[in-house]
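Since this is a predicted model, take the numbers as computed values, not measurements. Below, chains carry the letters A, B, ... as their sequence lines are ordered, and counting in each starts from 1.
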Amino acid sequence: MKKYDHKRIESKWQKEWEDSGLNKTKGASLKPKCYVLDMFPYPSGEGLHVGHPKGYIATDIYSRYKRMRGYNILHPMGWDAFGLPAENFAIKNKVHPRIAVEKNIARFKDQLSKIGFNYDWEREINTTDPEYYKWTQWIFLQMWKHGLAYQSFEPINWCPSCLTGLANEDLEDDRCDRCGSAVEQKPMRQWMLKITDYAERLLENLEDLDWPESIKESQRNWIGKSEGAEIDFQLKESEAKISVFTTRPDTLFGATYMVLAPEHELVDELKEQIENWDEVFQYTGIVKNKSDIERTAEGKNKTGVELKGVKAINPATKEEIPLFIADYVLAHYGTGAIMAVPASDSRDFGFAREFDLPIIEVIVGGDIKKEAFVGAGKLINSGKFDGMDSEEAKQKITEFVGGKMTTTYKLRDWVFSRQRYWGEPIPIIHCEKCGIVPVPESDLPVTLPEVESYEPTGTGESPLAAISEWVNVKCPKCGGPAKRETNTMPQWAGSSWYYLRYIDPKNDKALVDKEKEKYWSPVDMYVGGAEHATRHLIYARFWHKFLYDIGTVNYKEPFEHLQSVGLILAQDGRKMSKRYGNVVNPDEAVERFGADALRVYEMFMGPFDQSTVWSTDNMVGSYRFLEKVWLLISKISARGGTPPEDGQAASGGKNKKIELLTHKTIKKVGEDIESFDFNTAISSMMVLVNGMGKEEIAEDQFEILLKLLAPFAPHIAEELWHELGNKDSIHLEPWPKYDAEKIKEDTVTIAVQVNGRTRGTFEVAAGASEDEVKNQALSQENVKKWREGKETKKIIYIKGRLVNIVVS
RNA sequence: GCCCGGGUGGCGGAAUUGGUAUACGCGCAACACUUAAAAUGUUGUCCCUUACGGGAUGUGGGUUCGAUUCCCACCCCGGGCACCA
């Protein structure tokens, strides 16, 4: 037998599969379909590190397994290639981002191909391809038509020295991470998408998704639904009213002051009445220059300023209460104003302590001298509502003061524009006469022009704004002079619908053919990092629901089942990053131990969704395992060949121990792949291989092992399969079935405990009666010793497991 | 601060969801093969104890015949959100 030469067999089969078109997706058929998807990567300049393939290996195993189970498989791959890193690289090296991206993709593809993935590369997509982003732009236009895209002035992080906008990631303690200047909040004209219109549906439909509970929970928190009441507070000696949102209208009688967000429009309107305007103006100025991070990082010390000369009336008690502005109230949540109930809200409590404001207990249950009591309970100091339960009082008190019950969400509309070059141009034209005019669909895609420089313009505008021949166009409506929109879309855009394009990647008439979409959607298994829990996974759901509403797709949700991949950490326990110089490249590992060993190792490291620490040296265990399989083929015994067909015992001539073990392993591996417990699947195959190494094995038993191994280590399985004389690919074989009869053990080991401590074990026939087992247990030498001189109180019997004798 | 994970040998981890804790792998040790080393194979490997036995699943308590698993309180590590009214 030849040596296990991973290099030879891996390159041989990779080529063979490519030539035979093994991994080409078949069209719609009567077979059940299974769409298995990875979150597509950003092709960074550093190439792949060993963490990347972890998820891809899992989907590869899963899809190969499903194919053997008779499913029609769609398993594609592509590139999320717009975004800042490519643009920054372009600025630095004066290379067009397109060139850099092409190079990076070639590198990624080469690395991926060496790991033996079964992607159908005919369906490859690239978000920066005009034929692709034509449809990203098309979706934007549909949103515009349906009133979901609008313009607004939103603040961006602005570095006054670099004259450029910064992403949150580019900030360090509110300073520009390049030059260190303090970052300002500068309002810029932005395109927004009304995701808030979908808040309720995004929340509701989470219930039906088979996703990890933790990710669903993050989405719930991100959407942040809260039910409460909107109540108006009249200002004293004024027509003006302040509307507040509260989840606790039951505590209204305890509202002893009010707070407006410093940006609240009423502050300016009340200027004439406010006696300490200078102080107020100064405070507002300070807050304005604080970013959200700074504003919210102040912890327990509350700041604020009273609006002297202005009083509000508590609508329940009719008492006059003071009015403040404070940065702990945010303009963009609720109504931008709150009623403060220090006895029942800890932030209000902290503020009231700081400013020496009255604290009136309205819910019984806590000790308001020490801290706010935020729980529910019976009302007190609340007039005719005293003694009522807080739940009931919410409704009643709201009615009493003429308020209304409402719902609010934390979810905010999506800022959908970037002042950057390397993104999809927003297909809008600004006409002097007609205003905003969408680019006609027949003119899509609006492609990115070639530019000289990718440097930010210094005005905050996109580099596109400097290219007058691109910017200046005729208005499609009136033919007059007009200008193109120069903002581009954020990186999230292309990834919000890419899974649909794989279904029909070359269609130039539609985003996706509706019949094909009906067959392949939704994605049956989606695998990716948990860091996308709230952004990508919410944006994609939002777009999908919109496409459903306009009739482009057939189903309400894009991803039926989601699995999180845990990170692979570097040997030093930190994230792999160029910065720490701890990145491990898969090429070295593949070179040393082979793709199959890499695949097995990454799946064997630990639970799939947990992060684990990489160790190239530990890979040797997986390599040894494969080598043992390789050597097993020479052990196949001739007489174990084919089982006799004349009705004799099915395992005639075969080793019964191995037969039992084989069938147990079929069951275990199948179940574990379904639940993504790859580590225990591999461990059970190791047990089988170790067992086979010690006993005589039959050819069909060995074939079963190869089939179980095929999804995990496709090359070695294919090679040995052909070595046995088979002509077709092992990957098209049906998945082995286990025989429930064969899994039954003849004897079981029973543990005997005395008072819950194990004192011995014994073998007993699997069908033994309870009395038989108990008697045997009592007759054990060690048991006799422990029972001596004691009274037996009871005997607990757990079938097939243990007998516990309770004595005292 | 809140929410979600997690804490088991020297290390990565397993444990049929309340039933023999430490499967599988790495490492380590001894032996075999070898002039030697590597590779491979065999055996051993949670801790204390010569043994009998005892003690260990982050800590402390509880429920139970029996707890890694359930309940209560606390500590530590990782991730997410951040004064959300």
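Within 4.0 Å (heavy atoms only), A:Glu217 reaches sugar-phosphate atoms of the nucleic acid but no base atom. If you check every strand for non-hydrogen atoms under 4.0 Å, A:Ser218 touches nothing. No contact: A:Arg220 has no heavy atom under 4.0 Å from any strand. No engagement by A:Ser684 is indicated, since no non-hydrogen atom pair under 4.0 Å with the nucleic acid exists. In this structure, A:Ser214 reaches the sugar-phosphate backbone alone: every heavy-atom distance under 4.0 Å involves primed, P, OP1 or OP2 atoms, never a base.
Taking the C1' atoms as reference points, B:rC3 lies 32 Å from B:rC11, given to the whole Å. Comparing the P positions of B:rG12 and B:rA23 gives a spacing of 15 Å, expressed to the nearest Å. For the P atoms, the distance linking B:rG1 with B:rC46 amounts to 41 Å, nearest Å. Rounded to the nearest Å, the gap between the C1' atom of B:rA38 and that of B:rU50 is 39 Å. Comparing the C1' positions of B:rU68 and B:rC83 gives an interatomic distance of 39 Å, to the nearest angstrom. Rounded to a whole angstrom, the distance from the P atom of B:rU43 to that of B:rC4 is 48 Å. Only the P atoms considered, B:rC31 is 11 Å distant from B:rA37, to the nearest whole Å. Atom name C1', nucleotides B:rG9 and B:rG44: the rounded distance is 15 Å, in whole Å.
The salt bridge (Lys or Arg N to Asp or Glu O under 4.0 Å) pairs that include a residue from residues 608-619 of chain A are A:Arg592-A:Asp617, where partners are two or more places apart or lie in different chains. Note on residues 329-353 of chain A: pairs passing salt bridge (Lys or Arg N to Asp or Glu O under 4.0 Å), not counting sequence neighbours, are A:Asp345-A:Arg347.
With sequence neighbours excluded, no residue forms a ring-ring contact (aromatic ring centres under 6.0 Å, His included) with A:Tyr738. Partners of A:Glu306 by side-chain contact (heavy atoms from CB on, under 4.5 Å), not counting sequence neighbours, listed by chain and number: A:Lys308, A:Lys311, A:Pro322, A:Phe324. For the ring-ring contact (aromatic ring centres under 6.0 Å, His included) test, no residue two or more places apart in sequence or in another chain qualifies with A:Tyr409. With sequence neighbours excluded, the residues satisfying side-chain hydrogen bond (donor to acceptor under 3.5 Å, both in side chains) with A:Glu671 are A:Lys667. With sequence neighbours left out, A:Phe712 forms a ring-ring contact (aromatic ring centres under 6.0 Å, His included) with no residue at all.
Put simply, the side chain of A:Lys793 and the base of B:rC65 share no donor and acceptor less than 3.5 Å apart.
Ranking B:rC65, B:rC81, B:rA85 by closeness to the A:Tyr333 side chain, first place goes to B:rA85. Considering only the side chain of A:Ser226, B:rA85 comes nearest among B:rG27, B:rG19, B:rA85. Nearest nucleotide to the A:Lys628 side chain, out of B:rG19, B:rA85, B:rG25: B:rG25. Side chain of A:Arg757, nearest nucleotide from B:rG55, B:rC24, B:rC65: B:rG55. Nearest nucleotide to the A:Trp786 side chain, out of B:rC84, B:rG53, B:rG19: B:rG53. Distances were taken from every side-chain heavy atom of A:Thr749 (C-beta onward) to each of B:rC84, B:rU20, B:rG25; the shortest belongs to B:rU20. Among the nucleotides B:rA85, B:rC83, B:rG41, the one closest to any side-chain atom of A:Thr247 is B:rA85.
Under 4.0 angstrom from either OP1 or OP2 of B:rG25 there lies at least one side-chain N or O belonging to A:Asn690. Between A:Arg535 and B:rG80 there is no side-chain N or O to OP1 or OP2 distance below 4.0 Å.
In this structure, A:Glu391 pairs ionically with A:Lys394, as a charged nitrogen and a carboxylate oxygen lie closer than 4.0 Å. The pair A:Glu695-A:Lys657 counts as a salt bridge, with a side-chain nitrogen and a carboxylate oxygen less than 4.0 angstrom apart. Using a cutoff of 4.0 Å between basic side-chain nitrogens and carboxylate oxygens, A:Glu207 and A:Arg220 are scored as salt-bridged. Under a 4.0 Å N-O distance rule, the pair A:Glu200/A:Lys225 qualifies as a salt bridge.
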Please write out the pairs of protein N or O atoms and N or O atoms of nucleotides 10-16 of chain B separated by less than 3.5 Å, giving the distance to one decimal.
| from | atom 1 | to | atom 2 | distance (Å) |
| --- | --- | --- | --- | --- |
| B:rG12 | O2' | A:Met605 | O | 2.6 |
| B:rA14 | OP1 | A:Asn679 | ND2 | 2.9 |
| B:rU16 | O2 | A:Arg801 | NH2 | 2.3 |
| B:rU16 | N3 | A:Arg801 | NE | 3.3 |
| B:rU16 | N3 | A:Arg801 | NH1 | 2.9 |
| B:rU16 | N3 | A:Arg801 | NH2 | 2.1 |
| B:rU16 | O4 | A:Arg801 | NH1 | 2.9 |

Quick test: give all pairs of protein nitrogen or oxygen and nucleotides 69-77 of chain B nitrogen or oxygen below 3.5 Å, distance rounded to 0.1 Å.
none

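For the pair A:Arg759 and A:Ser622, nearest-nucleotide mapping onto RNA chain B gives the more 5' position to A:Ser622. Two residues, A:Ile796 and A:Arg347, neighbour RNA chain B, and the one matched to the more 5' nucleotide by heavy-atom proximity is A:Ile796.
Checking B:rU35 for Watson-Crick or G-U wobble geometry (two distances, each under 3.5 Å) identifies no partner in any strand. Nucleotide B:rG5 forms a Watson-Crick or G-U wobble pair with B:rC77, both donor-acceptor distances falling under 3.5 Å. A 3.5 Å limit on both hydrogen-bonding distances identifies B:rG44 as the Watson-Crick or G-U partner of B:rC28. Base pairing analysis places B:rC65 opposite B:rG19; the two distances defining the Watson-Crick or G-U wobble pair are each below 3.5 Å.
In this structure, the NZ atom of A:Lys225 is 21 Å from the P atom of B:rC3, given to the nearest Å. Across the protein-nucleic acid pair, A:Tyr601 atom OH and B:rG25 atom C1' stand 10 Å apart, rounded to whole Å. A straight line from OH of A:Tyr797 to C1' of B:rG66 spans 17 Å, rounded to a whole angstrom. Counting to the nearest Å, the P atom of B:rA85 and the CG atom of A:Leu252 are 17 Å from each other. Rounding to whole angstrom units, CG of residue A:Asp327 and C1' of B:rA82 are separated by 14 Å. Atom CG of A:Leu567 is separated from atom C1' of B:rG78 by 10 Å (rounded to the nearest Å). Across the protein-nucleic acid pair, A:Lys794 atom NZ and B:rC65 atom P stand 5 Å apart, rounded to whole Å. Atom pair A:Ile798:CD1 and B:rU17:P shows a separation of 13 Å (rounding to whole Å applied).
Base orientation at B:rG9 is syn, since its O4'-C1' glycosidic dihedral falls within 90° of 0.
The closest side-chain donor-acceptor pair between A:Asn690 and A:Lys628 falls under 3.5 angstrom.
Tested against A:Trp630 for a ring pair (Phe, Tyr, Trp, His ring centres under 6.0 Å), the candidates A:Tyr623, A:Phe625, A:Tyr4 yield a single pass: A:Tyr4.
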